[in-house]
Structure formats: structure tokens, C-alpha cells
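One structure below.
Order of appearance sets the numbers: ligands from 1, and atoms from 1 within every ligand.
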Amino acid sequence: RRWWVTVPKVELHAHLNGSVRDSTLLELARRLGEKGRIAFSDVEHVILKGDRSCREVFKLFDLIHVLTTDHKTVTRITKEVIEDFASENVVYLELRTTPKRNDSIGMSKRSYMEAVINGLSSVTEVDIDFTPHSTDHHDPASSCNSIAVNNVDHQGSGRKKIYVRLLLSIDRRETAEAAMETVKLALEMRGLGVVGIDLSGNPSVGEWSTYLAALQFAREQGLYVTLHCGEVPNYEEINAMLDFLPQRIGHACFLREPDWVKLKSSKIPVEICLTSNIMTDTISSLDIHHFVDLYRAKHPMVLCTDDSGVFSTSLSKEYSLASSAFGLGRKELFQLARDSVEFIFADGGVKQELKEIFSSAAGKLE
Ligand code: 5GP
């Protein structure tokens, strides 16, 4: 697996609260336990448990949110998650998170996102680039110099550097109004590295029609859209999602033959999360994973972690797993990582710089 740690990688499907270190969750749980707000012994085994069914995963997220949803902790986990990805040579990370409102602690969707941005600004272990290079969508109101302070290219300094862009998630439990509020917030925060919208949350909850207006508005305004699609056999919804033509989809597990045909002809890139699919039992075994068929069809795909904390994985592990499960060599998988650059939502300048990083890595591999 070491080899996979060393090579540059691109992560396009990572949920902030799913990527928190176990050690941090345990520390937070212990602290809330001491305050008498939760019973530590009850949550300890839940945090450390291995396999989780799809239903259990969403219960676990409710617990994680109890532990992490205050401004200070959101800032902390953002910083840690970025440093963790950078430490295994993820050179570009699209981090997604659901802006949360919690009146009892004075949290609005906006203040939640400000806490995330503070996390980006407080990354110290590596160099981080999170503000847009082009001025196309720049919002003058948010051009804050102190925020861009870390955004310096230390080329040749020997320090690791990571590009980070943000996607704001709409949770399927939310109302149409809350979804629209998230999209409007994303538009206001473009100058701070927000590039798109994700639709996620428990796939057995909610209706596609609830989010459609917000997603359409996002697209009209030039935000990119990625959808969790086909995590459960909800065929009508899968069909409607493919017809929407999002810029990417996540998972794509329960597609039927006509849906595969539609997906392949649309060339919508698929974010593949192998460990997540296996651990939630969405796919029973890797031998029958749709990765194989899509890879043969040369369909655009990206290997991703989904929730590296919850599923005890890392992007290096996902590459190593793809290599052993599908018999792909280093050369093929390096190419897959390199091709991922085409599907990022950041501007052309970032794309170009990432291409150079991969060219230089390819030279060293030969
Ligand atoms: P957050 O948005 O709070 O930073 O990250 C956790 C949230 O991401 C979960 O509450 C859930 O809404 C979403 N999420 C994480 N993993 C998955 C997944 O595998 N499928 C779906 N549909 N949503 C997920």
C-alpha cells in the first residue's frame, strides 16, 4: 500500500463529518460524557464498530453530529481532515459538508460554513490553496485578505501542498426552502472556494421533487452539481437524476440495464466508493462491483473514500483495494488517478497545475 500513499491522488467524494478521526470522535465523546450530556460507554462501541448497515450509518451520523456540531469543533475537524488527506498525498480535495442550523447554540448555515472556512485558514501542517484563481465568480464582499493568507505557493519548499474546494450538501431530510438556502449560501461563498452542490443523506428519505428547484437554480447560476444516485433501488428517481444531467454522480449501485445505457451515453463521471459500498452492503462483493463494467467501457470514474473515518479507509487503501480486487496494475491505476483531474469542479488554472503535478510524478515513476 505504501506505493499508493506516495503517488498523487485526487479525492472528489469525501463528507466532512464522515472523515473525522476516531481518536477525535472518542475525545469529543469523552468530554460530552464528563459533562453528563451523553453516556460515553454507549457511544464508544458505536464509534469503534467495523461493519455497519446502511441504516446504522445514518444513525451513526446523527451521533457524530451531536459530537461535532459546534463552531469550534467544526473548525477543528475541517483542519484535521484536510491535514489527513494531504498526509497521504491527496493533491486536490473536494470536501463536501451539509451546512447546519442549530438555533440553540446560535448556529446558522452561514456561521457553520464560516467555521469550516476558519478550519481551512488554520491548516498549518501543509500548504493549502482554497480560493479561486480566476476572477469569474469572485464575490468582492468576501475577498478577505486574512483568509487568503495561507494561499501561497511554496513551490520548492518541500512542504506538501493541497488544493481544497468545497461542495455544500443538501440533506434529503431538508425542505425545499432549506435546500434553496444552501444553494444561495454556496453562491455567496464562491469567493471562498465553494464550487458546487451535492445531494446526500439517507436515500430512503425524501423525494427528488423537493430538491429539484434548488438544484436547477444552482445549475443556472453556474454551480456544479453532483448527486448521490442509486444507493437504493429507487428506479424512478435514478431515471430522473440521470435526466437532470448532473456534472457527476456518486455510487450508481442500483441501476438497471436502460439506466446503464443512459449513464454511459451521457458520460457522467461516477464517484466510486468501494469500501463504503461493501461495508453498507449496498454491493455484496467486489467481484460483482460495477467498477469492472464501467472500467471496461472506459466510462469516466474516480476512486473516492466517501467517509474515511466511518468506514476506516483512506484513498490509498481504496487504490490498493481496486488493484487487488480488479487485477489492475500500478500503471492503470495511476492513469485513473491522473484522469480524475478532468472531472474536478475547480477552474482551469487548478486543472493545469494538477496536470503538471501528475506529469512530474509520471516522470519519476518510470
Ligand atoms: P456532513 O455533511 O455532516 O459533513 O457529513 C455527513 C453527512 O453526509 C451525513 O449526515 C449524510 O447526510 C451524508 N453522507 C455521508 N455518507 C453518505 C453516504 O454514503 N450516502 C449518503 N446518501 N449520504 C452520506
Side-chain angles (χ1 to χ4, degrees), residues 11-21 24-25 28 47 51-71 73-82 85 93-102 107 109 112-113 115-117 119-120 164 166-174 178-179 182 185-186 194 196-206 208 211 226-234 237-238 241 246 248-254 270-283 304-313 318:
E11 170 64 81
L12 300 184
H13 188 132
H15 299 268
L16 173 60
N17 277 282
S19 309
V20 184
R21 299 172 187 165
T24 298
L25 287 181
L28 296 168
I47 291 170
D51 278 19
R52 310 165 193 283
S53 70
C54 208
R55 256 190 58 224
E56 280 176 329
V57 164
F58 290 100
K59 273 206 261 166
L60 175 61
F61 280 122
D62 288 341
L63 171 65
I64 293 176
H65 290 144
V66 169
L67 303 177
T68 60
T69 309
D70 64 78
H71 295 114
T73 309
V74 168
T75 297
R76 170 185 173 173
I77 62 172
T78 304
K79 174 185 191 299
E80 289 181 356
V81 165
I82 288 164
F85 275 110
L93 164 67
E94 252 165 49
L95 187 63
R96 54 186 78 189
T97 193
T98 320
K100 296 170 187 73
R101 176 179 162 184
N102 182 347
M107 178 181 279
K109 286 190 180 219
Y112 175 93
M113 282 313 300
V116 171
I117 302 289
L120 300 180
V164 180
L166 298 171
L167 305 179
L168 302 200
S169 302
I170 295 169
D171 187 315
R172 299 181 60 112
R173 285 180 288 198
E174 291 183 291
T182 296
L185 183 59
V194 174
I197 296 290
D198 158 55
L199 175 66
S200 56
N202 191 337
S204 309
V205 169
W208 168 246
Y211 332 109
T226 178
L227 305 171
H228 279 63
C229 173
E231 289 179 283
V232 290
N234 181 348
E237 182 181 281
I238 291 168
M241 284 183 167
R248 295 199 307 255
I249 57 171
H251 300 296
C253 298
F254 288 93
V270 183
E271 304 151 358
I272 297 276
C273 309
L274 297 173
T275 299
S276 162
N277 292 161
I278 294 298
M279 281 183 79
T280 56
D281 222 4
T282 311
I283 302 284
C304 304
T305 55
D306 204 5
D307 299 293
S308 54
V310 168
F311 300 127
S312 301
T313 190
E318 296 303 302

Exactly one candidate in V74, L166, T78 meets side chain to side chain contact (heavy atoms under 4.5 Å, CB included) with I117; the answer is L166

Of T313, T275, L274, the residue whose pairing with T305 passes side chain to side chain contact (heavy atoms under 4.5 Å, CB included)
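Only match with T305 under side chain to side chain contact (heavy atoms under 4.5 Å, CB included): T313.
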
Is [X] close to ligand 1, meaning an N/O of one under 3.5 Å from an N/O of the other?
X    : answer
G201 : yes
S276 : no
T97  : yes
R173 : no

Testing the 3.5 Å rule here: is there a donor-acceptor pair between the side chains of T98 and D171?
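Short answer, no.
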
May I ask you to identify the nearest protein heavy atom to [atom], giving residue, atom name and distance to one decimal place in Å?
atom                    : result
atom 16 (N) of ligand 1 : D307 OD2, 2.7 Å
atom 18 (C) of ligand 1 : E231 OE2, 3.6 Å
atom 10 (O) of ligand 1 : H65 CE1, 3.2 Å
atom 14 (N) of ligand 1 : H15 CE1, 3.3 Å

Parallel, tilted or perpendicular: rings of H15 and H13 (30°, 60°)
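Correct class here is perpendicular.
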
Looking only at heavy atoms, is any part of [X] under 4.0 Å from ligand 1, and if so is it the side chain, the backbone, or both, or is it neither?
X    : value
T98  : both
D306 : side chain
D171 : side chain
R172 : neither

With salt bridge (Lys or Arg N to Asp or Glu O under 4.0 Å) as the test, would you mind laying out the steps for E231 and R172 before giving the verdict?
CA-CA 13 Å; E231 289 179 283; R172 299 181 60 112; over 6 Å; no

